[in-house]
> 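Here it is, the structure in full.
By convention in this document, chain letters (A, B, ...) are assigned in the order of the sequence lines, proteins followed by strands, and residues within each chain are numbered from 1.
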Protein chains: 2
Amino acid sequence: MNLSLTEENYLKALFFISGSEGNLVNTNAVAERMETKPATVTDMLRKLKKKELIEYQPYKGSRLNKEGRLYAIQILRKHRLWETFLVDKLGFGWEEVHDIAEQLEHVRSPKLTQRLASFLGNPQFDPHGDPIPDESGAFPIREELTLDRSVEGEVVIVKGVKDSSPEFLNYIAKLGIKLGDSLNVLSVEPFDGSILLVHNRQEFRLSAQASTNLYISRA
Amino acid sequence: MNLSLTEENYLKALFFISGSEGNLVNTNAVAERMETKPATVTDMLRKLKKKELIEYQPYKGSRLNKEGRLYAIQILRKHRLWETFLVDKLGFGWEEVHDIAEQLEHVRSPKLTQRLASFLGNPQFDPHGDPIPDESGAFPIREELTLDRSVEGEVVIVKGVKDSSPEFLNYIAKLGIKLGDSLNVLSVEPFDGSILLVHNRQEFRLSAQASTNLYISRA
DNA sequence: CAATAAATTTAGACAAATCTAAAAATGATT
DNA sequence: AATCATTTTTAGATTTGTCTAAATTTATTG
């Protein structure tokens, strides 16, 4: 199956909107994510249905079928491998790699994907801490523990970010926090949930909002 | 200037057809290279002229102008850098990288190109021995010496291939000849110009045709 | 140099991906 | 249940890159 760039992007959008349970997706939601008009989405849904990549009933909604889901996951796999390459090998910051990976993810060559993965040491998580599916489409499992769940006195390791918006990534980068860094949780403020911690010998306070968006593991 | 994939491929085609002297290019020649019809080419030439990337007079021919040439060279730079990456870092054979590089060359990110080049050690020549232009569009100079010009008893180093068709690359790969290998020229057959040489302690004969397509330098 | 051949362009059409505006279906509300 | 609001689809148009067939320009040649 050889899809156009646009078709691939619609599959990705459906994958992200419908979540892991594979819910039915609203046409409007797709339009919003794709930054296009609902009428355009309807056309594309009809097309993807004809190619047997999605289920779609007019007025009811759409969802990826098995083949479409696998296709979307392969794109996601490429995206996250390229992000890892950009950060680990080319020294990009994790906040600047998304747009480049959006381009690289569409390069078609199974052999390239396989070799890239092996060159990177078959990583299980990308620089944002997001899981990289394997060739068969299976995701590695991660403990979904966030910093706001930590207790006073604990030392934790940063494993990923829940929110990978440029705003949050930039904020985190500005603080100098990177994947794998260890944080010493000094105290949790009962009033607003903000957390006092030590990172690289430096003491500072992180808002509750920020802490809910940092995945950690106990050291 | 943000060009479509197709527009970029036309610029490349014009660059390759017109050669280093910047000759006027026939519409038919472009059509052949792009595997499309002359009428289609005419439309595109009009479009590229409007974007001020080429000179074009109906019925007379077309050629890249300064801006178009620079654009084409930047794509070529990316192509050859990616080929180098695929061979040097991912272990691809030099005969299998062209099609993948054709895709990667269109990825838009000056920072990526710059970092990739530096990651590769700012190479001057790609795995086929072809020159990689720098950011300003300047090409490194290479001695255009081919194996058929060598004399008996000489030891030479393989610097590149003149013909980079899959057929020739496969043939060369089958013989085990790689960039940087040294060849000991034992004798040149006066009858057909074929060359008897030693490579990795192994003696064999190479046709004149093959030898004219191997760039070398004297060891 | 006039006729013919070759190269090129013009004209008109089509598929893909998009849009706007209008129509239809669904759902929510009194 | 009838009406109104929302969501979604349909209809018709646009742009990009392509095509075929016909017309035009340039080149060749008897």
Side-chain angles (χ1 to χ4, degrees), chain A residues 1-19 23-64 68 71-72 75 102-103 105-106 108, chain B residues 1-19 23-64 68 71-72 75 102-103 105-106 108:
Chain A
M1 182 80 62
N2 240 13
L3 302 189
S4 74
L5 214 149
T6 313
E7 290 168 328
E8 290 197 347
N9 284 332
Y10 273 94
L11 290 186
K12 265 203 317 175
L14 286 170
F15 181 82
F16 280 113
I17 297 167
S18 73
N23 299 316
L24 272 178
V25 170
N26 297 131
T27 301
N28 268 351
V30 179
E32 195 171 323
R33 186 170 183 109
M34 293 294 296
E35 296 182 347
T36 184
K37 303 290 149 154
T40 310
V41 175
T42 301
D43 288 342
M44 184 55 79
L45 293 178
R46 213 172 315 106
K47 195 167 149 195
L48 291 174
K49 183 181 180 175
K50 209 173 70 191
K51 296 199 173 187
E52 298 185 75
L53 292 162
I54 66 169
E55 295 166 32
Y56 166 58
Q57 298 282 115
Y59 295 105
K60 301 297 181 185
S62 55
R63 67 155 64 97
L64 295 170
Y71 201 115
I75 304 170
E102 290 269 290
Q103 297 181 65
E105 72 189 2
H106 298 289
R108 234 182 290 275
Chain B
M1 183 79 62
N2 240 14
L3 302 188
S4 74
L5 214 149
T6 313
E7 290 168 328
E8 290 196 347
N9 284 331
Y10 274 94
L11 290 185
K12 265 203 316 174
L14 287 170
F15 180 82
F16 280 113
I17 297 166
S18 73
N23 300 315
L24 273 177
V25 170
N26 297 130
T27 300
N28 269 351
V30 180
E32 196 171 323
R33 188 172 180 108
M34 293 294 297
E35 298 183 347
T36 184
K37 304 289 151 157
T40 310
V41 175
T42 301
D43 288 342
M44 184 54 81
L45 293 177
R46 212 170 318 103
K47 194 166 149 195
L48 291 174
K49 183 182 180 173
K50 209 174 70 191
K51 295 198 175 187
E52 297 185 75
L53 292 162
I54 66 170
E55 293 167 33
Y56 166 56
Q57 298 283 115
Y59 295 105
K60 301 297 181 187
S62 54
R63 67 156 62 95
L64 294 170
Y71 201 115
I75 303 171
E102 289 269 288
Q103 298 180 64
E105 72 189 3
H106 298 288
R108 236 182 288 275

> Do the charged groups of A:Arg108 and A:Glu8 touch, with an N to O distance under 4.0 Å?
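Between A:Glu8 and A:Arg108 there is a salt bridge, with a charged N closer than 4.0 Å to a carboxylate O.
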> Roughly how many Å is it from CG in B:Leu48 to P in D:dT16, rounded to a whole number?
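Answer to the nearest Å: 13 Å.
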> A:Lys49 side chain to A:Tyr56 main-chain N or O, any donor-acceptor pair under 3.5 Å?
yes
> Round to a whole Å and report the spacing from CE of B:Met44 to C1' of C:dT8.
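That distance rounds to 17 Å.
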> Report the distance from atom CG of A:Leu3 to atom C1' of C:dA16, rounded to the nearest whole Å.
14 Å
> Has the side chain of A:Arg46 got a donor or acceptor atom that lies under 3.5 Å from a matching backbone atom of A:Val41?
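The answer is no, because no donor-acceptor pair under 3.5 Å joins these two groups.
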> Locate the shortest heavy-atom distance separating A:Thr6 from A:Met44; write the atom from each residue and the value.
CG2-CE, 3.9 Å
> Does the side chain of B:Asn26 get closer than 4.0 angstrom to OP1 or OP2 of C:dT8 through an N or O atom?
yes
> For A:Pro58 and for B:Asp43, locate the closest nucleotide of DNA chain C by heavy-atom distance; then report the residue assigned to the nucleotide nearer the 5' terminus.
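Upstream on the strand: B:Asp43.
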> Is it true that B:Glu102 and B:Lys12 make a salt bridge, defined as a side-chain N closer than 4.0 Å to a carboxylate O?
yes
> Is B:Tyr56 near enough to C:dT9 that one of its side-chain N or O atoms lies under 4.0 angstrom from OP1 or OP2?
yes
> May I have the distance from A:Glu7 (atom CD) to C:dT18 (atom C1'), rounded to whole angstrom?
14 Å
> Give B:Thr40 one of three labels, base, sugar-phosphate or nothing, depending on what nucleic acid heavy atoms sit under 4.0 Å from its own.
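Base: the residue B:Thr40, judged by heavy atoms under 4.0 Å, touches a nucleobase.
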> Which part of the nucleic acid does B:Thr6 contact within heavy-atom distance under 4.0 Å: base, sugar-phosphate only, or nothing?
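Sugar-phosphate only.
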> Is the distance from OP1 or OP2 of D:dT6 to the nearest side-chain N or O of A:Asn28 less than 4.0 Å?
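So the side chain of A:Asn28 is outside the cut-off, no N or O lying under 4.0 Å from OP1 or OP2 of D:dT6.
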> Whether A:Arg46 contacts D:dT10 is assessed here as follows: a side-chain N or O lying under 4.0 Å from the phosphate OP1 or OP2. Is that the case?
yes
> Can you tell me if A:Thr36 touches the phosphate of C:dC19, counting only side-chain N or O atoms and a distance under 4.0 Å to OP1 or OP2?
yes
> Within this structure, what is the CD-to-C1' distance between A:Glu8 and C:dA16, rounded to whole angstrom?
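Interatomic distance, CD of A:Glu8 to C1' of C:dA16: 16 Å.
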> Any side-chain N or O of A:Thr42 less than 4.0 Å from the OP1 or OP2 oxygen of D:dT10?
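Answer is no, no contact under 4.0 Å.
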> Find the distance B:Gln57:CD to C:dA7:C1' and express it as a whole number of Å.
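In whole Å, C:dA7 C1' lies 17 Å from B:Gln57 CD.
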> At less than 4.0 Å, is any side-chain N or O atom of A:Lys37 found next to OP1 or OP2 of C:dT18? Yes or no.
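Negative; the distance criterion is not met.
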> So, is B:Lys60 near the phosphate of D:dT26, with a side-chain N or O under 4.0 Å from OP1 or OP2?
yes
> Would you say B:Tyr10 places a side-chain N or O within less than 4.0 Å of OP1 or OP2 belonging to D:dT18?
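Answer yes for this pair, as a side-chain N or O of B:Tyr10 is under 4.0 Å from OP1 or OP2.
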> In whole angstrom, what separates B:Tyr59's OH from C:dA5's P?
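Going from OH in B:Tyr59 over to P in C:dA5 covers 19 Å.
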> Which comes earlier along DNA chain C counting from the 5' end, the contact point of A:Ala39 or that of A:Leu5, where each point is its nearest nucleotide?
A:Leu5
